[in-house]
Amino acid sequence: MNDRRSAWLLIAPALLLVGVVYFLPLARVLAISVMEPEPGLGNYALLFTSAPIQRVLLTTLRICVFTTSITLVLAYVVAYVLTHARPTAQRLMMLGVLLPLWMSVLVRAFAWVTLLRRQGLVNNALIGMGAIDEPLALMWNEIGVTIGMVHYMLPLGILPLWAAMRDIDGRVLAASRGLGASATQTFVRVFLPLSLPGVIGAGLLVFIFSLGFFITPAILGGGKTIMVAEYINVQIHESLRWGVGTMIASTLVATIFALMFALSRLVDLRTLFGAK
Amino acid sequence: MAGLQELSLDGLSKHYGTVAALDGVSLSIARGEFLTLLGPSGSGKTTMLMAIAGFVTPTGGRILLNGQPIQHLPPDKRNFGMVFQGYALFPHLTVARNIAFPLEVRGMPKSEIDRKVGDALGLVQLGALADRLPRQLSGGQQQRVALARALVFSPHLLLLDEPLSALDRKLRADMQIELKAFHRKVGLTFVYVTHDQDEALSMSDRVAILRDGRLLQLGTPSELYERPATRFVAEFLGRSNFLAGKVEQTSADGFVFRCGSELFVQLGPERKPDVGTAVLVALRPERIRPVEPGSQLVNILDGTIAEFSYLGTAFHLLVDTAVGRLAVTVPTWRHGAPPVIGSKITLGWDADASIRVEQD
C-alpha cells in the first residue's frame with residue numbers, strides 16, 4: 001500500500017506537468033474550435049465545404065504519402081545494410097543515422113535551400129555537366145518539401161526498421177537457404193514478411209510526424225506549397241480565425257490519435273506474426 | 001526417397017585468421033549411415049556440419065558427394081535437409097506452410113505439394129496440427145515439424161545440429177528413440193552433431209570424436225567405448241580410471257607394467273610397447289569388481305572405501321589405493337550390504353578389461 005502511494009508521489013510531477021501544459025491547453029483548443037466565432041460545429045462543416053482547406057489537406061496528405069513511401073524504401077535499404085554490417089561498420093553507420101537528428105531542423109532546411117535553389121549546388125552541377133539547360137524547380141514546390149522531409153524522417157524510419165530486423169533470427173534465414181531457397185526467395189518469403197511489422201510501425205511513425213511538420217515545409221515550400229501546420233499558423237497568427245485554426249488542429253490531433261491507435265494494434269501484430 | 005548418396009570429406013579445413021576451427025579432417029560417410037560428430041564446444045563439430053551444409057566456406061580441402069566436389073556450391077544448391085538447433089521454423093508460417101516451403105521454392109505444382117505435405121505430416125504424426133503456428137507447438141512437436149520440413153523434398157542426406165538440446169531430459173530420451181526409429185524408417189544418411197555422449201552412443205552407427213578441429217577417432221559406439229585411442233576419448237565417452245606406469249616385461253599378447261609399487265598385466269590387441277616405455281592404461285569403473293582377499297585374479301589391488309553413492313542399479317565407490325583413488329561401479333545386486341566408508345576392500349580386474357591409450 002505504501003509502495004503504491006510513493007509510486008503515485010513519484011509520478012505526480014510528471015502527471016502535473018503533462019496535465020497543466022499539455023491536456024489543459026489541448027482542451028482549450030478543442031473548446032475554441034466549437035465556440036469561436038459562435039458555438040456549434042460550424043467550423044467543422046468547413047472541412048466539407050471550404051475549397052482552400054480541402055486543398056491544404058489534400059496537399060498535406062499527398063506530401064505525407066510520398067514522404068512516407070520514399071522514406072520507407074530508403075530506410076529499409078539502410079536498415080538492411082545496417083543489420084548485416086560488421087559491428088564496427090554498424091557503429092559508424094549508426095552515427096551517420098543519428099547525427100542529423102542532433103542538428104537543428106532549421107539548419108537542415110536552409111542547407112537544403114542552398115543545395116536546391118535555382119543557383120544552388122545541384123542545379124549548377126547539372127548545368128555544368130551539361131545534363132540540363134535550364135535550372136530545375138527543386139524547391140518552393142512539393143518536390144522540395146518532400147526532399148527536405150524525407151531527409152528529416154530517415155532516422156525515424158531507420159531505427160524501428162533496424163530494431164525489427166535485428167530481432168529476426170539468423171537461423172531462420174539460414175534454414176531457408178538450406179531448404180533450397182535462393183537469396184532472393186529467402187528475402188521475399190522470409191525476411192520481408194518477418195520485417196513487415198517494422199515496416200508498418202516505421203511507416204505510421206513517419207506518417208504521423210509528417211502530418212504535423214511545420215518548419216521544413218514552411219522554408220522549402222516558400223509559401224507556395226502549404227501544409228496543414230503552416231495553414232494553422234496562418235489562421236492563428238495572421239487571419240486571426242482562431243475557430244478555424246483550432247478546428248484544423250483538433251482534426252489533426254484526432255487523426256493522429258486514430259493512427260496511434262492503429263499503431264498500438266499493430267504492436268500486437270508483431271506477436272501475431274510471430275516476429276517477436 | 002532419392003537414391004542414397006555417399007559423402008566424403010577430404011582434408012577439410014577452416015581457418016579464421018591463425019585459428020583453425022577445422023584442421024584437415026578426412027572421413028567418409030556411408031550411404032544410409034547415422035554418423036554423429038561428437039566433441040566439446042569449440043571442437044569444430046558445428047563448423048564441420050555447417051561446411052557440409054554450405055554455410056561455412058572451407059579454407060582448404062574438399063567435400064565430395066558421390067565423388068563430385070561440392071564445397072563451392074551455395075547451401076540452396078546442395079539439396080541437403082537440415083534440422084537446426086532450436087529448429088528455426090518460420091514463425092510467420094503455419095506447420096503445413098513450413099513443410100511446404102522447400103517444395104514451393106522448387107516450383108512444384110500445388111497439388112503435388114499438398115500431397116507431399118500430407119504425407120510428411122502423417123510421417124511425423126502431426127496431421128491435426130497442420131494449421132497451427134510454430135509458437136503454438138510444444139518443443140517436441142516443433143522438433144517433428146523441423147524433421148518433416150527437412151525431409152519432405154527428398155534430400156540427399158539429413159544434417160542435424162544438436163536437435164534435442166532444447167528439450168527437457170525426459171523428452172530428450174523419448175526423442176532419441178524416436179529419431180533412431182525414424183532413421184531406420186526413412187533409410188537416409190544422417191549426420192548428427194551433439195556434445196552429449198549418451199545421445200551419440202545410443203543413436204549412432206558410427207561416432208566421430210573431434211577436438212580442437214581435429215578428428216581424434218572414428219568408430220562404432222562400442223569400438224569407441226571399449227577401445228578408446230586416447231585419454232581424451234576415454235574420458236569424454238563415459239568415465240575412466242587411468243593407470244600410468246612403466247613396461248616391465250612384454251609377451252606375445254600383452255605386457256606387464258609397474259604402477260608405483262604394484263605390477264599389473266595388460267592383454268589386448270593394441271600395439272606392444274617396448275620394455276621401459278611409459279604407458280597409460282584406461283580402466284572403466286564397471287570393469288573393476290570387489291574380490292576376496294587373495295583372489296586368483298591376475299590384477300589385484302587393496303584399498304579403502306573413501307566415498308560411495310547409491311545410484312539405484314549400482315553403487316558408485318571411490319576407493320583409495322596404492323596407485324591413487326579409483327572409481328568403481330558395482331551392480332547393487334552383487335554388492336549385497338551397502339558399503340561402509342573407511343572399510344577395507346580388495347579390487348580385481350581381468351587382464352583384458354583395461355586398454356592402453358595414448359596420452360594427449
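The sequence lines fix the lettering, A, B, ..., with proteins before strands; numbering per chain opens at 1.
- Counting heavy-atom pairs closer than 4.5 Å to chain A, the top-ranked of the candidates B:Met50, B:Gln85, B:Arg78 is B:Gln85.
- Separation of atoms CG (A:Leu179) and CG (B:Asp76) is listed at 10.0 Å; rounding is to 0.5 Å.
- Other residues, nucleotides and ligands contribute over 12 non-hydrogen atoms within 6.0 Å of the CD atom of B:Gln136.
- B:Phe90 is not listed as a side-chain neighbour of A:Pro193, based on a closest heavy-atom distance of 4.5 Å or more.
- Shown here is A:Met260, whose CE atom has no more than 12 heavy atoms of other residues, nucleotides or ligands within 6.0 Å.
- Residue B:Phe55 touches chain A through its side chain alone, counting heavy-atom pairs closer than 4.5 Å.
- In the displayed structure, A:Phe66 atom CZ is contacted under 6.0 Å by at most 12 heavy atoms of other residues, nucleotides or ligands.
- More than 12 non-hydrogen atoms from other residues, nucleotides or ligands lie less than 6.0 angstrom from CZ of A:Phe207.
- Contact tally against chain B (heavy-atom pairs below 4.5 Å) for A:Ala174, A:Gly178, A:Ser182: the top residue is A:Ala174.
- For the atom pair NZ of B:Lys77 and CZ of A:Arg177, the computed distance is 7.5 Å after rounding to the nearest 0.5 Å.
- Within residues 98-113 of chain B, the residues approaching chain A closer than 4.5 Å by heavy atoms are, in numerical order, B:Phe101, B:Pro102, B:Glu104, B:Val105, B:Arg106.
- At a 4.5 Å heavy-atom cutoff, the contact between B:Arg149 and chain A is made by backbone and side-chain atoms alike.
- By the 4.5 Å heavy-atom criterion applied to side chains, A:Val190 and B:His92 are counted as neighbours.
- Around CZ of A:Phe214, the count of heavy atoms belonging to other residues, nucleotides or ligands within 6.0 Å exceeds 12.
- Heavy atoms of A:Ser176 lying under 4.5 Å from chain B belong to its backbone as well as its side chain.
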